[in-house]
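See below for the structure under consideration.
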Protein chains: 2
Amino acid sequence: MSNASSSTLDTPAFSPLYLQIKGLILQGLQSGEWKPGEAIPSEMDLAARFRVSQGTVRKAIDELAADNLLMRRQGKGTFVSTHAEQQVQYRFLRLRPDQGDEHSEGPARRLILECKRMRATAEMARLLALRTGDAVMHARRVLLFAQTPAILEDIWLPAQAFKGLSAERMASYPGPTYAMFEEDFGVRMVRADEKLRAVHPNAEQAALLEVDVDTPVLSVERVAYTYNDLAMELRRGLYRTDTHHYRNTLA
Amino acid sequence: MSNASSSTLDTPAFSPLYLQIKGLILQGLQSGEWKPGEAIPSEMDLAARFRVSQGTVRKAIDELAADNLLMRRQGKGTFVSTHAEQQVQYRFLRLRPDQGDEHSEGPARRLILECKRMRATAEMARLLALRTGDAVMHARRVLLFAQTPAILEDIWLPAQAFKGLSAERMASYPGPTYAMFEEDFGVRMVRADEKLRAVHPNAEQAALLEVDVDTPVLSVERVAYTYNDLAMELRRGLYRTDTHHYRNTLA
DNA sequence: GAGTGGTCTAGACCACGCG
DNA sequence: GCGTGGTCTAGACCACTCA
């Protein structure tokens, strides 16, 4: 493995071996060479393939595991992370009941209110790295915990990557929506940014959440990214926080 | 370095060497052997002291650095993290202006409204691992960005660890409050949990934030911990989110 | 027992900061 | 030029999984 050197620039773009290996493994993940839930080759195999020592491969995998892109399991192998079959379903959902542990309420019920094609507004285009007017899929749904509406969400997706998405599929898929995105469209969300605000719902939103229009609700704007920081989803949610709260840990 | 073995339990409490080393370094941090901002001994020195190889010390330090307890600086050494002199001031503050980068507004202005001793309520006691009625310090303050009130905060601290805290000191200290806690009281906050809700301010809160009582604001309850998961601060904040938002990243 | 990841070591060399 | 952390290697052994 040679160094990515001899650039014409002054900045040598010098990169340690293990970061180059990390990039190569990342390429395999992006290209779909290894799919979510599958095992990647053993450290020894990768070391032989890339002509480096096992320790160097290990350091690359360590970082990818720290980023939640890979999961190591001693004695078994290293696996591509997935939103399915993960002990914690809803990996990106931070809403927790005030009483009781994590999700003592069981899985959420979903009501799909809408799912149709539309054209991206200027702001959607900006956030999703599209052009204004590009086709996007728009879905609207309500999540209920313990028979009570808790979340109203609008989801926008680049139509090109999500051909064939339907309300029926969203309603019938058992498990997290992000797991369905992996299974049906090969799109794995690896990271997301959220902006939170306290707002009042409008009349329509209030009705769907079964609250008064003067009940404060938590507005959550999320942009989710797949490999290589490519934005693939815009989500605007309203969370009821009268019986739940948004939990966060700072370190 | 021997293994922490021969327990009477079935569970061997077996721990890899590097984790034991990590624990020993943590002890040094807790005990104040190395203070925030100072350098700890070099990897070679620590390896000699603990009778292990440099690689084992390195792995222990790697984890402590990943936890933000230590900062590595190539060519210089490894330093104890601090809330002061950190490029990002306000490490635990997630409020960001809607326009402009991080804190284009410059440092916040602080108004200290109150700072006095009181007795812990049952809930404070529970969150701070005290007993109901134990002495706590209570401070109330307003933070202003760009001359506009943005945050109203109540802070409660175990009085025993914060003897001598005064409104004057809080107002005059240049830099983050958490840095003052380190400097004046030797208390370093390493982690915090937050619970967020959308609420309405009461009349007093609304007046202090210069908003109407029917303006939704973001309620942020924070419990901050020092080494060893010891709770040392309860903070209840109200954030205005009309010109700012709470930013979070999920991975 | 074979194969996987996990730990530990020892040694070589590189990149950076500073006197 | 020296000391620091950063990278890379090679080899040994341990712990876990599964056939």
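Chain naming here is simple, since letters A, B, ... match the order of the sequence lines and numbering starts at 1 in each. Worth saying up front: this structure is predicted, and the values here are computed from it rather than measured.
Between B:M44 atom CE and D:dC2 atom P there is a gap of 16 Å when expressed in whole angstrom units. If you take CG of A:D45 and P of C:dA2, they are 17 Å apart, rounded to a whole angstrom. Remark: P of D:dT4 and CD of B:E38 are 17 Å apart, rounded to the nearest angstrom. Put simply, CE on A:M71 is 17 Å from P on D:dC16, counting in whole angstrom units. Taking atom CD1 of A:I25 as the reference point, atom P of C:dG5 lies 11 Å away to the nearest angstrom. If you take CD1 of B:I40 and C1' of D:dG5, they are 11 Å apart, rounded to a whole angstrom.
Regarding contacts with the backbone of D:dG6, a side-chain N or O of B:R72 is found under 4.0 angstrom from either OP1 or OP2. Put simply, B:S53 has no side-chain N or O that comes within less than 4.0 Å of OP1 or OP2 on C:dA10. At least one side-chain nitrogen or oxygen of B:T78 sits closer than 4.0 Å to the OP1 or OP2 atom of D:dG5. Not one side-chain nitrogen or oxygen of B:T56 sits closer than 4.0 Å to the OP1 or OP2 atom of C:dC8.
Side-chain proximity of A:K76 to C:dG17, D:dC18, C:dT7: nearest is D:dC18. Comparing C:dG6, D:dC8, D:dG5 by their nearest atom to the side chain of A:P16 picks out D:dC8. Candidate nucleotides D:dT9, D:dT4, C:dT9 were compared by shortest atom distance to the side chain of A:V52, and D:dT9 ranks first. Side-chain proximity of B:Q74 to the nucleotides D:dA10, D:dG6, C:dT9 is greatest for D:dG6. For A:E43, whose side chain is taken as the heavy atoms from C-beta onward, the closest listed nucleotide among C:dT4, C:dG6, C:dT9 is C:dG6. Across D:dT9, C:dT7, D:dG6, the shortest atom-to-atom separation from the side chain of A:R58 is found for C:dT7.
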Salt bridge (Lys or Arg N to Asp or Glu O under 4.0 Å), that's the test. Do A:D62 and A:R72 meet it? Break it down for me. CA-CA 9 Å; A:D62 278 346; A:R72 324 193 69 148; 2.4 Å; yes
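The residue from B:Y178, B:Y173, B:Y90 that alone fulfils the ring pair (Phe, Tyr, Trp, His ring centres under 6.0 Å) condition with B:H83 is B:Y178.
When side chains are defined from C-beta on, A:D184 counts as touching A:R169, because their heavy atoms get closer than 4.5 Å.
Under the 3.5 Å distance criterion, with hydrogens and angles disregarded, a donor-acceptor pair is assigned to the side chains of B:R141 and B:T177.
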